[in-house]
Amino acid sequence: MRVVLVGPPGAGKGTQAQFIASNLSIPKISTGDIFRANVSGGTELGKLAKTYMDRGDLVPDEVTIAMVRDRLSEDDAQDGFLLDGFPRNVPQAEILKKMLAEWNTGLDIVLELVVDDDEVVRRLAGRRTCSQCGRIWHVEFDDKLDDVCDACGGRLFQRDDDREETIRHRLEVYQEQTAPLIAFYADERILAGVDATGPVEEITQRAMEHLRPFID
Ligand SMILES: [Zn+2]
């Protein structure tokens with residue numbers, strides 16, 4: 001099975017990617033993992049990507065695509081994969097489609113984790129990080145009334161990334177970039193929305209319902 005997983009920050013995409021891939025016994029392929037593997041493996045593409053990252057620039061599409069192509073060519077991805085973080089835009093989606101067509105295959109389904117903005121803000125803006133041990137607590141889910149770490153006694157603080165205005169901005173950027181991608185896959189008739197609220201296991205189950213028709 002060939003699956004793409006998309007979802008906004010705070011939707012629990014990384015966790016779901018892991019659970020779904022392990023349920024299906026297919027590799028979870030994230031662009032983050034691919035970058036790290038290429039950079040630490042010292043591949044030509046890794047060296048090239050590193051020159052951009054060291055300057056704080058975005059790695060160009062063609063470098064990312066070449067890395068994805070290499071990764072999807074590996075043995076463990078021949079019977080399927082779950083892509084997390086790629087494609088990020090319509091041009092990448094078109095290239096992926098072409099790449100898979102060259103291999104006489106294609107995506108089976110694109111799962112979109114759906115969670116509304118206020119819920120994402122509630123999840124992320126409630127996080128407090130320990131200044132000593134780095135552990136993350138949640139004001140609501142951990143019932144945290146003080147600003148002291150129960151593990152080490154360190155002071156808790158709110159990271160800039162977890163501030164409401166930062167989160168809302170990231171969500172806006174995400175919507176702007178992803179809406180065309182979602183429309184592309186809706187046109188291809190392979191898009192399925194997954195309600196990403198509630199317990200983690202329930203979200204995985206909802207995702208699996210959409211995948212069942214493809215499991216033989
Ligand atoms: Zn601590």
Side-chain angles (χ1 to χ4, degrees), residues 5-24 26-42 46 49-50 52-59 64 67 71 82-86 88 111-178 194-208:
L5 183 66
V6 294
K13 188 159 63 74
T15 309
Q16 289 305 326
Q18 235 161 27
F19 285 171
I20 296 166
S22 96
N23 269 334
L24 297 170
I26 53 176
K28 170 190 89 84
I29 298 179
S30 79
T31 35
D33 292 342
I34 298 180
F35 277 19
R36 276 187 290 278
N38 274 276
V39 170
S40 68
K50 198 167 179 304
Y52 292 95
M53 295 190 288
D54 286 347
R55 289 198 301 256
D57 289 337
L58 275 179
V59 177
T64 306
M67 285 185 187
R71 181 64 187 88
L82 182 145
L83 275 173
D84 166 16
F86 185 92
R88 211 170 266 294
L111 296 174
E112 181 197 11
L113 297 179
V114 180
V115 45
D116 72 45
D117 285 5
D118 289 339
E119 172 66 16
V120 169
V121 169
R122 186 170 149 250
R123 288 183 195 178
L124 298 184
R127 304 204 303 180
R128 299 292 179 272
T129 305
C130 175
S131 53
Q132 266 184 52
C133 72
R135 181 161 169 171
I136 295 167
W137 300 89
H138 198 283
V139 290
E140 192 177 332
F141 310 140
D142 290 317
D143 204 6
K144 214 71 194 96
L145 298 172
D146 56 12
D147 57 354
V148 173
C149 176
D150 290 352
C152 76
R155 262 216 176 289
L156 303 185
F157 71 106
Q158 187 180 37
R159 293 173 53 223
D160 283 342
D161 272 359
D162 295 336
R163 287 185 194 285
E164 175 163 355
E165 57 276 25
T166 315
I167 298 163
R168 295 227 180 250
H169 177 70
R170 276 167 64 206
L171 286 168
E172 263 167 41
V173 172
Y174 169 82
Q175 296 299 353
E176 231 174 76
Q177 288 177 343
T178 316
V194 178
D195 174 5
T197 54
V200 172
E201 315 81 64
E202 278 178 25
I203 301 169
T204 309
Q205 280 319 307
R206 278 180 217 133
M208 293 306 293

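All values below were derived from every heavy atom in this structure, side-chain atoms included, with hydrogens, water molecules and symmetry-related copies excluded. When a ligand or atom number is given, it counts from 1 through the structure's own listing order. As the structure is a prediction and not an experimental result, all values here were calculated from the model.
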Under the 3.5 angstrom rule, does the side chain of Arg128 hit a backbone N or O of Leu156 as a donor-acceptor pair?
->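 Checked: no pair found.
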
Is the count of non-hydrogen atoms from other residues, nucleotides or ligands lying under 6.0 Å from Arg168 atom CZ greater than 12?
->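 Yes, enclosed.
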
Residues in side-chain hydrogen bond (donor to acceptor under 3.5 Å, both in side chains) contact with Asp116, at least two apart in sequence or another chain =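 In terms of side-chain hydrogen bond (donor to acceptor under 3.5 Å, both in side chains), with neighbours along the sequence ignored, Asp116 is linked to no residue.
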
Please name all residues satisfying side-chain hydrogen bond (donor to acceptor under 3.5 Å, both in side chains) with Asp142, sequence neighbours left out, ordered by chain then number.
->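 Asp142: no side-chain hydrogen bond (donor to acceptor under 3.5 Å, both in side chains) contacts found.
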
Please examine the side chains of Arg122 and Asp118, heavy atoms only from C-beta on, and report whether any two atoms are closer than 4.5 Å.
->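 Of all side-chain heavy-atom pairs linking Arg122 with Asp118, none is under 4.5 Å.
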
List nothing but the number: protein N/O/S atoms under 2.8 Å from the Zn ion (ligand 1).
->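 Protein heteroatoms (N, O, S) closer than 2.8 Å to the Zn ion (ligand 1) number 4.
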
Donor-acceptor contacts under 3.5 Å from residues 16-24 side chains, at least two apart:
| unit_1 | atom_1 | unit_2 | atom_2 | d |
| --- | --- | --- | --- | --- |
| Gln16 | OE1 | Thr204 | N | 3.3 |
| Gln16 | OE1 | Thr204 | OG1 | 2.7 |
| Gln16 | NE2 | Val200 | O | 3.1 |

